[in-house]
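In this text the structure is predicted, and so the values were computed from the model without any measurement. Numbering of residues begins at 1 and proceeds along the displayed sequence.
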Amino acid sequence: MEKMSLPPHESKMKELKTILIEEKERIIEICREFEPPFCTAACPFRLDVNRFTEKLCLENFTAAYRIYQEATGFPAIAASLCKGPCREVCMRKELGGSIRMDLLERAAIANAGNREPRIYNLPEKNSRVAIVGGGVSGLACGMRLAEKKYKVTVFEARDRIGGQIFNHMPEQEFLDEVRLQMRGRSWELRLNERIAGLSQLAGFDAVYVATGNGGDTFGLSPEELTNCFCSRRPGVFMGGSLLTEEPAEAMAHGLRAALYIESYIKTGNMQFSDERADSRIPRETFAGRPPLPETAAGPGGYTPGEAKREAERCFRCRCEACSQSCHMMRYFRKKPGRISDDASATAGDDGIRGEIKVATRLIASCNQCGLCKEQCCESIDMEAFLLKARTALHNKQSLPWKYNDFFLRDMADADGPGLAQLLPEKRPVRQLFLPGCQLGSSAPEYVLSAYAWLREAEPATALSTHCCGAPALWAGDGELHQEVLKELKDWWQELGRPRLVFACGTCKKMIDRYVPEMEGTFLYELLARQGAGLKMDMGREPYSVFDPCSCRHVTEVQAAVRTLAERGCTLTPLSKDGGDGGCCGYGGHTAVANPECTKGLTREQAGRSGSSYITYCSNCRDLFAAEGKKALHILDAVFDLNGPHRRPPDISERRRNRTELKRRLLEEYGGEGLHAVEKKEEMLLEISPELRKKLNDEWILEDCVAEVVRRCEETGSNLYDEENDVFIGHLQIGFVTYWAYYRKTEGGFTLVNAYCHRVKIETEGEL
């Protein structure tokens, strides 16, 4: 039978899902998020020191004890035996002294409110396991298997358990701990029973040989072990003092061997991955940390307060390079491994688990600045991964419409009614100015002043406020993004492929990445090169240049903006100067998907310096100004346009600014390539300042609400609420249904309230 092929769209979706799953697996494999701290890697018991010390910092000694108990099996014995290899690798070693884990462990034991072992309600197992040797390794292995309800028999050739343990701790202390931890566990102990050969144990499903230093190996040898205490004989394992001289490590062998024995019983497999005994956490993470001396202890060890202070010295080592630079990761408390797993399940893997949406908002909260990749020691590119996840969600129509609807309609306005394209009288066109769709929306004067300066220097300069398509890309609609770029590229080719002049870092980043043949330079480089200065009186106040994330590696424009600024003011550098501080909060259009996270990022960036900011991104300037930060666009200073206290325009004012820019360009230059601005019938719609803020916060354009009122009045399709004296009407515009509550006034209307949603309201005639 001929195999049917998938339709192109479905085939593309399947390919993208496969890519997401493969990349997720690669990220999880290489991400150092899962690396153990140096102390945990050195610990024979692999104690989770981070969790342990966190509980001690909270003075929750019982919880800390439970963590220690789970790791060591016999906490009091482990505390007596361990020689503290963690102290040799502790990152505090040269910064005040290694953490006193030995004293912290004893403090957890001494102050635990309940030391009774946990009893798990598990079914009895039929499998039988023989432990040959009643020393600490054999007992640890037997205890852990008995805990899982396996039938455990411990064979000890002498008349008492413990082996060589009494060389290291008092006998009664040892026996009391064994009795305590074995309480509630069923196991058989056979003293004075020497095993002469493994053939005696033929009825057992697995055997652990732990006969101690110099004990019988039954023909086995350490060289014969493949890995993880596995011999070449099925079901036979060996460990403890036969392999190590350290008693603590011997006890840890028994605990780990129990895991492999259980796995063998379940699967019959004797092949296990070797455990890595080191950590790949980058040590430079801790560079510059201040020293802090270790906490002194009295003769009886740490008091609870002293234990808390010592635990607080612990760095709780983790690889945090990406999360330290990424506000979104800190907000969700997730790092690349967990993020990629959640995002892949949400966007790519909807098989037997059905439609999973655990990370839709997370995927849409990435501002696409790419800083995490540069900070990551493995160069994990979460920007690219989450963009693929957005694309996959878009393809299967699972990306919530509200996250991107406003920005896509804004792009359509910028490239439609709001598009301004000017051709100079002088031909051929030698230069094309691309200010971007947002610069004129922030302030028309930015584009008007810059274009006038460019025309004076080079009369054969054209202009286009065409969008670079970033909103489509960030919405996961790669096809629309390519269409937008193709329109711009076609017009550029019609003009004879002139050199480009950019004012927006995102525009240049998009074109450099997706249409590299469209080469150009930044307006600010030309201004600096031509000797432009600052016409604005900057006073004596110091300023800091905030570089947009899109220009992080464009050192030429960074230098040019600083050159311009230094011609009229004093500069003080920011921490992580040169764009390494990340995004202002606009990138990726995250403000609708996650306003709390986005505002937190903007405030964080605004707080990096007490100085006022000079930016060369209008979105950076407006977002900082909205948070009360004094901020100037470099064009404000160069052309003396707006002061640092200028209120940022809201979303409705930005649309009106775009229209105003087009009108003024038409008025000043006219000519070919610029269509007349369509005049709409004016409607007097009064909106209070409080309601304007609500509309702006909810991404509702005043024009949309005005259109609802206009249509209701034209068609009479409204309701009158007599009790509140308001008319109520709705209108669907695109995917969104807008509602307006308004009153009629003399000569116009007053808006009382408004909101929107995606529900379509069907009238009686449509049912």
Side-chain angles (χ1 to χ4, degrees), residues 367 369 433-451 453-454 465 468 470 500-512 520-536 538 542-569 571-574 576-587 602 605-606 608-609 611-626 629-644 646 648:
N367 54 49
C369 75
F433 179 37
L434 296 178
C437 61
Q438 297 300 315
L439 187 67
S441 299
S442 175
E445 294 79 13
Y446 289 151
V447 178
L448 292 165
S449 299
Y451 186 55
W453 184 86
L454 287 168
T465 60
C468 65
L500 303 181
V501 178
F502 296 95
C504 171
T506 299
C507 287
K508 190 170 192 307
K509 178 181 177 180
M510 289 290 151
I511 289 175
D512 284 352
T521 189
F522 274 101
L523 165 68
Y524 319 109
E525 295 177 63
L526 298 179
L527 286 165
R529 203 177 300 151
Q530 296 297 322
L534 304 189
K535 293 182 180 179
M536 180 178 287
M538 306 294 285
Y543 282 80
S544 296
V545 174
F546 184 91
D547 298 282
C549 56
S550 54
C551 294
R552 186 177 305 119
H553 296 299
V554 192
T555 55
E556 298 84 1
V557 72
Q558 293 178 13
V561 170
R562 285 162 174 76
T563 296
L564 287 169
E566 286 170 346
R567 289 171 182 168
C569 71
L571 290 184
T572 180
L574 284 174
K576 297 183 179 179
D577 214 6
D580 283 344
C583 179
C584 66
Y586 188 86
T602 304
Q605 297 289 44
R608 284 171 55 194
S609 171
S611 301
S612 300
Y613 283 173
I614 292 177
T615 77
Y616 44 107
C617 167
S618 61
N619 294 319
C620 291
R621 195 226 77 90
D622 289 345
L623 283 175
F624 291 141
K629 181 76 175 180
K630 291 175 64 177
L632 285 169
H633 194 287
I634 187 64
L635 296 180
D636 287 323
V638 170
F639 297 117
D640 195 13
L641 300 177
N642 307 287
R646 176 174 70 94

Side-chain heavy-atom pair Leu448, Phe639 within 4.5 angstrom cut-off: no
Atom of Met538, atom of Ile614 and distance for their closest heavy-atom approach: CE-CD1, 4.0 Å
Donor-acceptor contact present, side-chain Arg567 to main-chain Leu534, <3.5 Å: no
Least distance between heavy atoms, Phe624 atom then Ala631 atom: CB-CB, 4.2 Å
Tyr586 vs Thr506 side-chain heavy atoms within contact, under 4.5 Å: no
Minimum heavy-atom distance between Glu556 and Glu525, given as atom pair plus value: CB-OE1, 3.5 Å
Side-chain heavy atoms of Leu523 within contact of Tyr616, under 4.5 Å: no
Met536 and Leu632, any side-chain heavy atoms less than 4.5 Å apart: yes
Aromatic plane relationship, Tyr451 with Phe433 - under 30° parallel, 30 to 60° tilted, over 60° perpendicular: parallel
Ser612: partners by side chain to side chain donor-acceptor pair (under 3.5 Å), with sequence neighbours left out: Glu541
Main-chain N/O of Ser611 paired with Lys629 side-chain donor or acceptor, under 3.5 Å: yes
Taking every non-hydrogen atom, the tightest pair across Gly587 and Cys583: N-SG, 3.4 Å
Atom pair CG/OG of Leu635 and Ser618 - distance to nearest 0.5 Å: 9.5 Å
Heavy-atom side-chain contact between Asp547 and Val561 under 4.5 Å: no
Ala625 backbone acceptor or donor facing Arg646 side chain under 3.5 Å: no
side-chain contact (heavy atoms from CB on, under 4.5 Å) between Ser449 and Leu641, worked out: CA-CA 9 Å; Ser449 299; Leu641 300 177; 3.5 Å; yes
Flag side-chain contact, heavy atom, 4.5 Å: Phe502 against Ile511: yes
Atom pair CZ/CG of Arg621 and Leu439 - distance to nearest 0.5 Å: 11.5 Å
Side-chain donor/acceptor of Thr602 to backbone N/O of Cys584, under 3.5 Å: yes
Check: Asp636 side chain, His633 main-chain N or O, donor-acceptor pair, under 3.5 Å: yes
Heavy-atom closest contact (Phe522 atom, Val554 atom, distance): CE1-CG1, 3.9 Å
Stepwise side-chain contact (heavy atoms from CB on, under 4.5 Å) check, Leu526 with Leu454: CA-CA 9 Å; Leu526 298 179; Leu454 287 168; 3.9 Å; yes
Non-hydrogen side-chain atoms of Gln605 and Leu574 separated by less than 4.5 Å: no
Where Gly585 and Leu623 come nearest, the two heavy atoms and their spacing: C-CD1, 3.9 Å
Contact check, side chains of Gln438 and Asp622, non-hydrogen atoms, under 4.5 Å: no
Side chain Glu566, main chain Leu571, donor-acceptor under 3.5 Å: no
Matching residue for Cys507 among Cys468, Ser550, Pro435 - test: side-chain contact (heavy atoms from CB on, under 4.5 Å): Cys468
